[in-house]
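Quick notes on the structure that follows.
A, B, ... follow the sequence lines: proteins, then strands. Residue 1 opens every chain.
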Amino acid sequence: MVSIRLNDLGAGYGRKPVVSGISTPAFGAGEVIAVVGPNAAGKSTLFKRIAGLLKGPGEVVLEVEANGWASGRAISYMPQDNSSSAVLSVYESIVLARKQGSSLHVGDDDLRVVDATVEALGIESIVARNIGDLSGGQRQLVSIAQTLAREPQVLLMDEPTSALDLHRQIGVLSLVRRLARERGMVIFIALHDLNHALRFADHVMVIANGGLHACGPVAKVLTPALLRSVYEIEARIERCSQGQPHVIVDDVAGDRPVASFALSA
Amino acid sequence: MPAEVTENPSAAIPSASGRGLYRALVWRKQLILAGLVLALLLSLCVDLALGPARYGLDQVVLALIAPDAVPVQVRVVLWEIRMPIALMAVVVGAALSVAGAQMQTILNNPLASPFTLGISAAAGFGAALALAFGVALIPAAIQYVVPMNAFVMAMLTAFLIHVLSMKQGVTVQTIVLLGIALVFTFNALLALVQFFATQEALAAVVFWTMGSLTKATWPKFWITLAVVLVVIPLFVRRAWSLTAMRLGEAKAESFGVKVARIRLETLVLVSLLAAIPVAFVGTVGFIGLVGPHIARMLIGEDQRFFLPASALAGALILSISSVVSKTLIPGTIFPIGIVTSLVGIPFFISLIFSNARRSW
């Protein structure tokens with residue numbers, strides 16, 4: 001079983017730190033952690049640091065059961081941008097993701113994993129299509145397939161729902177939670193929609209001003225007080241008739257005109 | 001989500017598994033590569049057969065397989081005179097095409113090639129400095145000054161393009177315009193060299209800028225071949241990384257590709273591939289643009305196949321151009337650079353227009 005813990009983690013570009021001092025309890029197999037926070041709070045930077053794509057202070061404490069996993073790809077980062085005009089079929093692009101850094105020969109073992117990934121995501125019907133010809137939702141699924149084919153145990157998804165309509169957002173997030181449960185993965189997912197976090201995540205990390213503002217079970221962390229201090233909004237958390245908690249926004253906090261929020265970004 | 005992916009049932013191929021489809025695809029790509037090899041061999045034979053004295057294809061093949069079975073005169077013409085030129089067309093075409101393919105890959109730009117971005121012109125200027133004045137940009141043995149100068153200038157230019165293309169807000173079109181500016185710049189500098197050059201040096205420089213295979217000799221062929229044989233395996237080793245570059249920088253990085261490093265390595269190797277042919281046969285334009293595009297259309301962008309296909313397509317185009325340069329006016333061999341430009345320019349324009357419609 002996998003477990004991951006962040007210990008005083010920091011990262012930045014050049015000498016300027018973007019995030020620093022981020023420590024969390026250990027997250028275990030099957031858990032989904034929503035990472036939320038205002039624009040430019042450092043969510044992507046934190047993800048890249050966890051994935052080892054950026055250097056910085058602190059450590060990522062990863063415990064993986066010794067079962068032959070290559071530790072190099074135990075953590076996989078899925079970037080936000082997945083548009084491409086390459087002349088490659090969907091299937092080829094998934095093989096490509098899996099084969100990075102290994103031999104040029106594509107063996108049956110590799111293809112079995114790719115087939116299983118394609119099946120798990122239900123994208124059999126588009127494997128022969130060119131990746132440049134896909135719709136936004138299909139591109140997102142293919143991107144997930146590419147990441148899964150690398151068989152990570154910890155998956156970091158950077159706003160996978162940002163370009164999707166509501167139906168597809170729910171589709172992707174349901175899939176994410178199912179994958180975490182079925183495959184025993186830890187999935188970090190950067191989200192803007194707090195209702196999605198409330199519905200699909202087990203834990204939430206709130207990143208603000210380059211640090212970890214709060215971390216813990218979603219329902220406990222997301223409170224009106226937190227929303228006021230992080231997002232500068234007046235909001236309530238109320239349960240609907242199904243018992244599901246929802247964020248209901250009443251007003252922006254304080255006297256600042258709304259336009260100043262847009263400009264301050 | 002499944003609702004979306006099944007929205008177009010006609011795209012579904014229910015009977016074949018993904019694995020089976022993939023295996024079939026790989027098999028088809030290997031067949032296409034084999035087809036390109038055959039076409040290249042045929043073109044090579046035709047190229048050898050043509051010239052002031054025309055030979056039948058049967059005679060050419062016989063001279064290739066059993067040189068002793070043909071008359072001495074035929075053997076000398078084929079092996080000593082025509083063979084270096086015909087083979088030079090093949091390796092130069094392959095080198096320029098692979099250079100263009102990898103520039104397009106790392107700059108994510110369909111209009112990139114050594115010729116359109118001014119790298120060939122820069123190499124030409126460097127070579128002309130050596131030809132006209134004997135200037136060596138870095139100290140080298142006397143027989144290598146021309147290729148060395150060409151390489152240094154090519155690399156400086158490639159590096160400039162690399163640095164500028166990394167800047168924020170730089171689009172595909174900006175880089176192409178920059179390339180045009182570089183072409184003009186180096187052509188002007190070349191004109192300056194010509195202005196100050198002696199009569200004999202001027203003739204050498206002018207003839208050389210036209211791009212002609214008739215300057216090919218066995219040693220030049222071997223050097224160019226050596227460069228190709230050293231560089232291409234280095235690209236092959238990076239095949240997965242280079243293919244991933246076309247999925248976008250962020251995606252490639254997330255796959256563990258060292259993006260900045262592979263860009264720089266590729267640029268150095270591309271400069272070498274682009275400069276050496278220019279130093280030996282002069283400016284041969286558009287092969288680096290047309291070759292990779294044909295390869296991409298035939299075989300896609302999996303570099304395990306795209307790379308050899310680009311090399312073969314470039315070799316084939318230049319070999320056919322060599323045939324054309326001999327047959328346009330019987331008895332005259334056109335400078336091959338003129339032929340490739342006349343074919344390449346319409347292609348380039350069509351790419352610009354298709355690029356305006358699509359991102360690639």
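For A/V90, no part lies near chain B; criterion is any non-hydrogen pair under 4.5 Å. Heavy atoms closer than 4.5 Å to chain B are found nowhere in A/V114, neither backbone nor side chain. The parts of A/D108 that come within reach of chain B are both its backbone and its side chain, each placing non-hydrogen atoms under 4.5 angstrom from that chain. With a threshold of 4.5 angstrom between heavy atoms, B/V257 approaches chain A through side-chain atoms but not through N, CA, C or O. Interface residue A/S103: only backbone heavy atoms are found under 4.5 Å from chain B. Only the side chain of B/R23 comes within less than 4.5 Å of a heavy atom in chain A; its backbone stays farther off. Proximity to chain B (any heavy atom under 4.5 Å) is restricted, for A/S102, to the backbone atoms N, CA, C and O. In this structure, no portion of A/I94 lies under 4.5 Å from any heavy atom of chain B.
Considering all non-hydrogen atoms of both residues, B/R246 and A/S84 come closest at O-OG, 2.8 Å. Scanning both residues, B/R304 and A/L104, for their nearest heavy atoms gives NH1-O, 3.1 Å. Residue B/F255 comes nearest to A/A97 through the heavy atom pair CZ-CB, 3.4 Å, listed as atom of the first residue, atom of the second, then distance.
Between the side chain of A/Q100 and the backbone N or O of B/W240 there is at least one donor-acceptor pair closer than 3.5 Å.
The number of heavy atoms from other shown groups lying within 6.0 Å of CD (A/E119) does not exceed 12. Residue B/R28 places its CZ atom among 12 or fewer non-hydrogen atoms of other residues, nucleotides or ligands, all under 6.0 Å distant. Around the CZ atom of B/R237, the shell of radius 6.0 Å holds no more than 12 heavy atoms that belong to other residues, nucleotides or ligands. Around atom CD of A/E63, no more than 12 heavy atoms belonging to other residues, nucleotides or ligands sit under 6.0 Å away.
The interface of residues 264-273 of chain B with chain A, defined by heavy-atom distances below 4.5 Å, is empty.
For chain B, the option among A/V127, A/T147, A/D115, A/L156 with the highest count of heavy-atom pairs below 4.5 Å is A/D115. Contact tally against chain B (heavy-atom pairs below 4.5 Å) for A/L134, A/L96, A/L88: the top residue is A/L96. Note on B/D302, B/L247, B/I299: by heavy-atom pairs under 4.5 Å with chain A, the leading option is B/L247.
Summarising the geometry, atom CZ belonging to B/R19 is positioned 11.0 Å from atom CG belonging to A/D110; distances are rounded to the nearest 0.5 Å. In this structure, B/L21 CG and A/E92 CD are separated by 11.0 Å, a value rounded to the nearest 0.5 Å. Once rounded to the nearest 0.5 Å, the distance linking CD of B/E301 with OG of A/S85 reads 7.0 Å.
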Criterion side-chain contact (heavy atoms from CB on, under 4.5 Å) on A/K48 and B/S254, from CA distance to verdict: CA-CA 8 Å; A/K48 287 184 185 173; B/S254 78; over 6 Å; no
List the steps and the verdict of side-chain contact (heavy atoms from CB on, under 4.5 Å) for B/Y22 and A/V95. CA-CA 9 Å; B/Y22 183 76; A/V95 172; 3.6 Å; yes
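Between A/S143 and B/K251, some side-chain heavy-atom pair lies under the 4.5 Å cut-off.
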